[in-house]
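Below is one structure, written out as structure tokens, with a few remarks after it.
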Amino acid sequence: MPVTLATWNINSVRLRAGLVTELLRQEAPDILCLQECKSPVDKIPLEIFHNIGYRHIAARGEKGYNGVAILSKLPMEDAGDLNFAKLGQARHVAGRLEDGTVIHNFYVPAGGDVPDREKNPKFGQKLDYVADMQKHFGADRPHRSILVGDLNIAPREDDVWSHKQLLKVVSHTPVETEALNAAQEAGGWVDVTRQDIPDGQLYSWWSYRSPDWNAADKGRRLDHIWATPDLASGASGSRILREVRGWEKPSDHAPVFATFDI
DNA sequence: ATGGTCGACTTTCGA
């Protein structure tokens with residue numbers, strides 16, 4: 001059975017509940033993973049999503065910051081959360097489908113502005129978080145699993161508008177891209193987006209600070225869909241809905257889609 | 001080298 005899944009950093013699910021329903025109505029993914037909900041779970045307008053067919057929810061939230069949610073049309077149970085880098089923040093939730101497929105939804109710390117853990121503790125937390133991803137999935141290799149989210153790292157040269165100009169910018173420094181690649185390899189994860197779209201520049205985020213984000217096109221691919229090989233082999237149809245970044249009052253991230261045979 | 005723009009716990013911080 002084909003199952004379409006999307007991941008989207010929504011940057012406030014309450015402010016943009018209308019955009020979420022717009023995407024769900026237009027594209028009708030079976031599963032939508034959200035990050036940066038910026039809301040306690042009990043203040044997410046879940047009834048709106050429930051009413052248009054997304055009746056299964058797994059979410060973690062806090063007031064004002066972070067927050068992750070999985071909305072599913074398919075039966076799905078809450079499969080817990082992981083507290084990497086001992087941050088105690090709402091940065092992960094997992095869901096399990098009826099066939100046992102597990103979906104991990106992550107919001108990796110952004111890491112602040114200065115790429116030096118001595119001068120900037122947030123950067124150290126980000127590296128610790130990704131190191132814990134490596135440790136966790138390396139020690140207990142997943143099967144029939146999907147890992148998505150805003151990983152806040154653009155690993156490849158063609159995942160950023162200028163590899164050379166971003167080498168010292170948090171999200172594309174070698175220490176970050178190497179850590180993310182190590183975490184991916186340790187878990188045996190396949191980058192499904194790049195399996196489907198192997199060549200060319202590919203972005204999922206454009207800063208609000210750019211006056212004309214579309215023409216300037218100084219983007220980065222921060223949002224990812226990974227899967228274990230048993231599911232990646234049946235994946236297809238990856239795409240990034242760039243036009244959603246141009247909707248009214250948009251998130252600074254565009255949703256990323258993939259379809260699996262589950 | 002700086003500033004640019006968003007959202008939120010808004011007179012400041014995180015992204």
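Letters go in sequence order (proteins before strands), and every chain restarts at 1.
Nearest-nucleotide assignment on DNA chain B puts the 5′-proximal partner with A/Ser210, out of A/Asn66 and A/Ser210. Each of A/Arg14 and A/Gly111 has a nearest nucleotide on DNA chain B; the 5'-most of these lies closest to A/Arg14.
Close to B/dG7, at under 4.0 Å from its OP1 or OP2, lies a side-chain N or O of A/Lys249. The side chain of A/Arg16 contributes an N or O atom lying less than 4.0 Å from OP1 or OP2 of B/dG7. Residue A/Lys122 has a polar side-chain atom (N or O) positioned under 4.0 Å from OP1 or OP2 of B/dG14.
Under the 3.5 Å distance criterion, with hydrogens and angles disregarded, a donor-acceptor pair is assigned to the side chains of A/Asn105 and A/Gln35. Using modelled atom types, one finds a donor on one side chain and an acceptor on the other under 3.5 Å when comparing A/Ser171 with A/Arg220. Residues A/Asn214 and A/Arg242 bring a donor and an acceptor atom of their side chains to less than 3.5 Å of each other. Under 3.5 Å, the side chains of A/Asp223 and A/Tyr203 contain no donor-acceptor pair of N or O atoms.
Side-chain atoms of A/Arg209 come within donor-acceptor range of the base of B/dA15, with a qualifying N/O pair under 3.5 Å.
Rounded to whole Å, the separation between the P atoms of B/dC9 and B/dT5 comes to 22 Å. Between B/dG7 and B/dT2, the two P atoms lie 27 Å apart (nearest whole Å). Distance noted for atom C1' between B/dG14 and B/dA1: 22 Å (whole Å).
Taking atom CG on A/Leu222 and atom P on B/dA15, their separation rounds to 13 Å, with Å as the unit. Distance A/Glu62 CD to B/dA8 C1': 12 Å, rounded to the nearest Å. In this structure, A/Ile44 places its CD1 atom 13 Å from P of B/dA8, rounding to the nearest Å. B/dC13 atom C1' lies 13 Å from atom CG of A/Asn120, rounded to whole Å. Between the CD atom of A/Gln35 and the P atom of B/dA15 there is a distance of 14 Å, rounded to whole Å. In this structure, the CD atom of A/Glu36 is 13 Å from the P atom of B/dC9, given to the nearest Å. Distance, A/Asn11 CG to B/dC13 C1': 14 Å, rounded to whole Å. As a whole-Å value, the separation of A/Asp113 CG from B/dG4 C1' is 13 Å.
Note that CH2 of A/Trp226 and OG of A/Ser145 are 13.0 Å apart. Values are rounded to the nearest 0.5 Å.
Residue A/Lys218 is classed as having no contact, given no heavy-atom separation below 4.0 Å to the nucleic acid.
Side chain of A/Tyr65, nearest nucleotide from B/dA8, B/dG14, B/dG4: B/dG14.
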